[in-house]
Amino acid sequence: MYDVALKLLINGAWREGSEGKSEPVVNPATGEVLGQLPHASVADLDEALAAAADGFKVWKAMTAQERYVIMSKAADLIEQRKDAIGRILTLENGKPLAESVGEVQFAADATRWYAEEGKRAYGRIVPARIPGVRQIVLKEPVGPVLAFAAWNFPASNVIRKISGALGAGCSIIVKPAEETPGTAIALTQCFVEAGLPAGVIGIVFGVPGEVSSHLIASPVAKKVSLTGSTQVGKVLQRLAATTVKRTTMELGGHAPVIVFEDADLDNAVNTLAMFKFRNAGQVCTSPTRFYVHESLYDRFVEGFAQRTAALKVGNGIDAGTQMGPMIAERRLAVMVELVEDAKAKGARVLTGGARIEGAGYFFAPTVLADVPDTARIMSEEPFGPIAPITRFSSYDEVIERANSSPYGLASFIFTQSLATAAKAEGDLNAGLVGVNHMVVSTAETPFGGVNESGFGSESGIEGLDAFLRTKFVTERGI
Ligand code: NAD
């Protein structure tokens, strides 16, 4: 059962939109409607902005210790409810229940981590050139924040923004993705029950372009944080420029994975087969361009295709499911186009390659071998369960090909040579580099991209800093 009341949170109260507009939320595994999601009217958005301004004053005036107490209570509630919230997440997003519950656990961990880290928003004292002068660098919360988040990680995309902002002493208005609203609502309810003052978190939904242009035009908010596509990132940056708001942009990716000649082949095959199809490949750090050294190529391709073909695809709620559906029907057509284009350019389909007929939006886990660099999938972010594989022969060649994309989020290498690893870590144009494994996101480590994958980090001390501003104070004769 989809056990969540779909509402807006404005000034501490869960309510419907004032104009009565709404849209259906759909279970991608079945196509069934889970509930109706209210849309915020312009008047509702203005109320949310006013509440965020008031909430900011209250939250900023509290001590970091007082904020810590409320946030850690919220983290405890999230953890206690992780099975129930994980179920909501799977129903609206489709991913297997174990992945959902793990993601909600991440939300609890990140909230706890930021609750603590908020106590360490240290400034510094800088020795002065003038006798009797004391120079102080202060860190202050930046102000009310506007956050927009994608549906692929309905818990962690939202919580990194909420907990980062709250830990720093900011209020926040979040527009979670309309595809996956229930997870954000259930998480936010934990903060409300933990005693968060009204207005510190607002949750709104609507037509994304309309909501964002209205909220961002307001001078109330001082920061915009987006997790979404590069295309939308460019739109939001332009909007933010009109009131000179600072931004954090967590955008698209097209992660290369390089399997070098001296890689542990079994580890590479097993690790990649497990991570590639997580969340049906709808992950911004998902490996999407496989460059395998020619000496290992045939063995890698065979092992990887075998592992992929054995994946159990189905409804994420069912025990044993390893891969769920894609988020929406329109995404299936994109997958078909990418496969057909690669085939026309000479790629071989080793497994999958087509929609799985029946209810829901399922696409078979797909392995394409001998994919030329000219295939669209080698330059367009697939955001789906397709692994395109190609061979390479030299280090310089593969680094150049890996760096040929305008994106620069994650990159992965498999090698047993420390020298190769160290060189590639430096040479890859990416914000994240995984060597012999794929875990590039934790609460305490910075996460973010370069180039058209965006800028600014979430998580880690950098994630707190993103919600702080710097003030210089110089005192004499005190
Ligand atoms: P999207 O950009 O369409 O949507 C992201 C968010 O922006 C959602 O809340 C959406 O409602 C909102 N939005 C959409 N159009 C908007 C508009 N015109 N104005 C304002 N807001 C708008 O992205 P998506 O397709 O939902 O998500 C997939 C993309 O997100 C992929 O490119 C993926 O790589 C990226 N992503 C990046 C990260 C990261 O941390 N770098 C993490 C997850 C997803």
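Just follow the structure's listing: the first ligand is 1, and inside any ligand the first atom is 1.
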Exercise. Is any NZ, NE, NH1 or NH2 atom of the basic residue among E444 and R112 found under 4.0 Å from an Asp or Glu carboxylate oxygen of the other?
Worked result: no

For this session: Between K175 and ligand 1, find which residue part has any heavy-atom pair under 4.0 Å and reply side chain, backbone, both or neither.
Result: both

Exercise. With respect to atom 28 (C) of ligand 1, which of F153, Y407, F383, F447 exhibits the smallest heavy-atom separation?
Worked result: F383

Problem set entry | H254 and Y407 aromatic ring geometry - parallel, tilted or perpendicular at 30°/60° bounds | tilted

For this session: Please work out whether any backbone atom (N, CA, C, O) or any side-chain heavy atom from C-beta onward of E458 is under 4.0 Å from ligand 1, and answer side chain, backbone, both or neither.
Result: neither

Exercise. Only one of K21, E23, E178, E210 clears side-chain hydrogen bond (donor to acceptor under 3.5 Å, both in side chains) with H39; which?
Worked result: E23

Exercise. Which residue supplies the protein heavy atom nearest to atom 31 (C) of ligand 1, what is that atom called, and how far is it?
Worked result: E381 OE1, 3.5 Å

Problem set entry | Pair E329 + R355: basic N to acidic O under 4.0 Å | yes

Exercise. Purely on distance, is any nitrogen or oxygen of W151 under 3.5 Å from one on ligand 1?
Worked result: yes

Exercise. With a 4.0 Å heavy-atom cut-off (strictly under), which part of S453 contacts ligand 1: side chain, backbone, both or neither?
Worked result: neither

Exercise. Under a heavy-atom criterion of less than 4.0 Å, does N152 contact ligand 1?
Worked result: yes

Exercise. Do K223 and F467 meet the cation-pi criteria used here (NZ or CZ under 6.0 Å from the six-membered ring centre, within 45° of the axis)?
Worked result: yes

For this session: Between V283 and ligand 1, find which residue part has any heavy-atom pair under 4.0 Å and reply side chain, backbone, both or neither.
Result: neither

Exercise. Can you tell me which residue and heavy atom of the protein come closest to atom 22 (C) of ligand 1, and the distance to 0.1 Å?
Worked result: P208 CB, 3.4 Å

Problem set entry | Presence of salt bridge, R81 and E193, under 4.0 angstrom | yes

Seminar exercise, completed: If you scan protein heavy atoms around atom 15 (N) of ligand 1, the nearest is V232 CG2, 3.4 Å

Exercise. Going by distance only, is there an N or O of N157 that falls short of 3.5 Å from an N or O of ligand 1?
Worked result: no

For this session: Report yes if S212 has an N/O atom closer than 3.5 Å to an N/O atom of ligand 1; otherwise report no.
Result: yes

For this session: Would you verify whether the NZ or CZ of K95 falls within 45 degrees of the ring axis of F153 while also being under 6.0 Å from that six-membered ring's centre?
Result: yes

Exercise. When only distance counts, is L251 in polar contact with ligand 1, meaning an N/O pair under 3.5 Å?
Worked result: yes

For this session: Kindly identify the option in G253, S286, G449, G228 whose heavy atom sits closest to atom 30 (O) of ligand 1.
Result: G228

Exercise. Is it true that E47 and R15 make a salt bridge, defined as a side-chain N closer than 4.0 Å to a carboxylate O?
Worked result: yes

Exercise. Does ligand 1 have a heavy atom under 4.0 Å from the side chain of L226, from its backbone, from both, or from neither?
Worked result: side chain

Problem set entry | ring-ring contact (aromatic ring centres under 6.0 Å, His included) evaluation trace for F412 with F275 | CA-CA 12 Å; F412 303 97; F275 273 85; 8.0 Å; no

Exercise. Are any of the N or O atoms of L409 closer than 3.5 Å to those of ligand 1?
Worked result: no

Problem set entry | Evaluation steps, salt bridge (Lys or Arg N to Asp or Glu O under 4.0 Å), between K345 and D341 | CA-CA 6 Å; K345 288 171 181 154; D341 169 78; 2.6 Å; yes

Exercise. Hey, does T230 come in under 3.5 Å of ligand 1, counting only N/O atoms on both sides?
Worked result: no

